[in-house]
There are 2 protein chains.
Amino acid sequence: MSANARETLLAAAARLIAREGARRLTLDAVAAEARLSKGGLLYHFASKDDLIRGLVETLVAQFDAEVETNSVPGTPGAWTRAYLDATVKPPVSRTDTQTTGEASGHGTALTSAGIAAAVANNPSLLEPVREAYRRWQRNLESDGIDPIDATIVRLACDGLWFSDLIGLDPLPEPLNHAVVTRLRATTTGAHVTETVSILPADENLPR
Amino acid sequence: MSANARETLLAAAARLIAREGARRLTLDAVAAEARLSKGGLLYHFASKDDLIRGLVETLVAQFDAEVETNSVPGTPGAWTRAYLDATVKPPVSRTDTQTTGEASGHGTALTSAGIAAAVANNPSLLEPVREAYRRWQRNLESDGIDPIDATIVRLACDGLWFSDLIGLDPLPEPLNHAVVTRLRATTTGAHVTETVSILPADENLPR
DNA sequence: GTTAGTGTACCGTCTGGTTGGTACAGTACC
DNA sequence: GGTACTGTACCAACCAGACGGTACACTAAC
C-alpha cells in the first residue's frame with residue numbers, strides 16, 4: 001500500500017469532506033479514514049495545506065485528463081464539447097474501497113472536495129485552479145467557434161459544478177438532459193431553435 | 001449603534017471573509033473588526049453558526065430584493081432577466097463605514113462571503129440557499145420563455161458567481177460584456193446570431 | 001545496518017463558548 | 001420624585017477541547 005498511500009489518503013480526505021463537510025477535515029480524521037496513523041499521514045503530506053494542495057492538484061489533473069480523453073480535435077468546438085462532457089459525465093468515484101455508505105445527506109461531492117477544503121482553509125491554495133481556468137478559457141476562446149458561445153457553455157458548466165459544490169437539488173431530469181443537449185448543440189454552431197416546450201417527454205435522445 | 005449592531009457585525013464578518021478568507025472567521029476577529037467585544041458579539045448572535053446563518057440569510061434576502069427591484073413583470077423572460085441583472089450588477093457594498101482598504105488581494109467578494117463561511121464551517125447552514133434555489137428555479141421555469149434557455153441563463157449566472165467565489169480572473173472585458181448581452185438576448189426569445197468575432201471592438205453597445 | 005514507512009505520545013496554540021459581572025435606560029409603585 | 005426592579009447591551013477573563021504539528025521509537029525489507 002506504500003506506493004499508492006498518497007492516493008489512498010487523498011481519497012480518504014475527499015470522502016471525508018463529502019460526508020462531513022470541510023470543517024471536519026482534520027489530520028486525525030483523515031488518518032483514521034485511511035486507516036493510518038497521523039504520523040503516517042504526515043510522512044506523505046508534510047502539512048495540512050500540503051494535503052489540500054494534493055487534493056486540488058489531483059482534481060485539476062483529473063479534469064484535464066477527462067477533457068483530453070473526450071476531446072476529438074479537428075472539428076470546431078471540440079474542446080468546448082469535451083469540457084461540457086467532462087463536467088456532466090458522472091464522476092467515476094475513486095472510492096472503490098470502503099463502501100460504508102453512511103451518507104449523511106449533503107451535497108459536496110468528491111469532485112468538489114478539493115475546492116471546498118481550499119476555500120475553507122486557505123484560499124491561496126486555489127491558485128492551481130485559477131491557473132487551470134486561465135488555460136481553459138484560452139482553449140475555449142480559440143476553439144473554432146464563437147467565443148461567446150464557448151464562454152457561455154463554460155459558465156453553465158461552472159454553474160453545474162457550483163450547484164454540486166453547495167449541494168443544490170439537481171435539475172429535474174427531462175430539463176437537465178435538454179439543457180445539456182442544448183449546450184452541446186451550441187458548440188457545433190448549430191443554432192437549434194426547436195423550442196422544447198415545458199417538460200418534453202423525449203428522454204431518449206441519442207447520447 | 002445598538003439597533004443596527006447586528007448589521008454592523010454581519011458587515012464586519014463579510015468584510016473579514018472577503019479580506020482574509022473563511023478560515024479567519026473567528027469570533028474574536030469578527031468582534032475586533034466590528035469594534036466590539038466577543039461577549040457583545042455573542043449577545044447578538046448566540047453562536048458562530050448563528051452568525052453564519054445571519055450571513056447566509058442576508059445574502060439570500062438581498063439577492064431576492066435585487067431581483068424584485070429589477071423585475072418588470074408582464075413581459076416574458078422578465079424574471080430571468082432580473083436574475084441576470086442581479087447577478088451581474090456590481091454589488092453595492094454595504095460597507096460604507098470603515099473604508100480601511102487593506103485588500104490583501106483574493107477573490108471572495110462580499111456577496112460570496114456567506115456561502116464561503118457556510119461551506120467552510122457547516123454545510124447544513126446552506127439550507128436557506130438550497131430552498132431559495134428551489135424557488136428561483138420554479139420562477140425561471142414559468143417565466144414565459146423556453147425553460148431550457150432560462151435555465152442556461154441561470155447556470156451561467158451561477159458560473160459567474162462561482163468564479164467570484166473562488167477568485168478566478170474575471171472574463172476579459174469585451175468578452176464579458178458580450179456574454180452578458182447574449183444572455184440577456186436569450187431571455188427575450190430573440191435568437192441573435194450576430195456572431196461577435198474574436199475580440200470585438202464595439203464596447204459601447206446600448207446598455 | 002540503513003532506509004522507508006508507520007505508530008505513539010505529547011505539546012502549544014487557537015478558538016468556541018461560558019461565566020459573572022457593569023452600565024444604564026426604562027418603568028411601575030408608593 | 002425616589003426606590004426597587006427589569007431588560008438591554010456590552011465587556012473581561014477564563015476554560016476545555018480540538019487541532020496542527022513535533023519527537024522519537026519501532027519494524028520490516030533489502
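So you know, we letter chains A, B, ... as the sequences are listed, proteins then strands, and number each from 1.
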Novice: Heavy atoms under 4.0 Å is the rule here; annotate nucleotides 14-24 of chain C 5' to 3' with B where the base is hit, S where only the sugar-phosphate is, and - elsewhere.
Specialist: -SBBB------
Novice: State which residues pass side chain to side chain contact (heavy atoms under 4.5 Å, CB included) with A:Glu131; sequence neighbours excluded, sorted by chain then number.
Specialist: A:Arg134, A:Arg135
Novice: Quick one: sort the A:Trp136 and A:Tyr83 rings into parallel, tilted or perpendicular, breaks at 30° and 60°.
Specialist: perpendicular
Novice: Please tell me if A:His44 has a side-chain N or O lying less than 4.0 Å from either OP1 or OP2 of C:dA4.
Specialist: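 So the side-chain polar atoms of A:His44 never come under 4.0 Å of the phosphate oxygens OP1 or OP2 of C:dA4.
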Novice: Any side-chain N or O of A:Tyr43 below 4.0 angstrom from OP1/OP2 of C:dT6?
Specialist: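 Result: no.
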Novice: Please state how far atom CG in B:Leu9 lies from atom C1' in D:dC10, giving the value in whole angstrom units.
Specialist: 11 Å
Novice: What residues, two or more places apart in sequence or in another chain, satisfy side chain to side chain contact (heavy atoms under 4.5 Å, CB included) together with B:Ser37?
Specialist: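 Not a single residue meets the side chain to side chain contact (heavy atoms under 4.5 Å, CB included) criterion with B:Ser37.
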Novice: Taking side chain to side chain contact (heavy atoms under 4.5 Å, CB included) as the definition, give me every residue that meets it alongside A:Leu42, ordered by chain and number, with sequence neighbours left out.
Specialist: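 Per chain and number, A:Leu42 pairs via side chain to side chain contact (heavy atoms under 4.5 Å, CB included) with A:Leu27, A:Lys38.
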Novice: Round to the nearest Å and state the distance from A:Arg35 atom CZ to C:dG7 atom C1'.
Specialist: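 Rounded to whole Å, this separation is 17 Å.
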Novice: Using the side chain to side chain contact (heavy atoms under 4.5 Å, CB included) criterion, which residues pair with B:Ala118? Sequence neighbours excluded.
Specialist: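 Expected list: B:Ile52, B:Val56, B:Leu125, B:Leu126.
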Novice: Let me know the distance between CD1 of A:Ile52 and C1' of D:dG20, rounded to the nearest Å.
Specialist: 12 Å
Novice: Quick one: list whatever passes salt bridge (Lys or Arg N to Asp or Glu O under 4.0 Å) with B:Arg53, sequence neighbours left out.
Specialist: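 Salt bridge (Lys or Arg N to Asp or Glu O under 4.0 Å) check on B:Arg53 returns B:Asp50.
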Novice: Whole-Å distance between D:dC19 P and A:Glu20 CD?
Specialist: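 Rounded to the whole Å, the gap is 11 Å.
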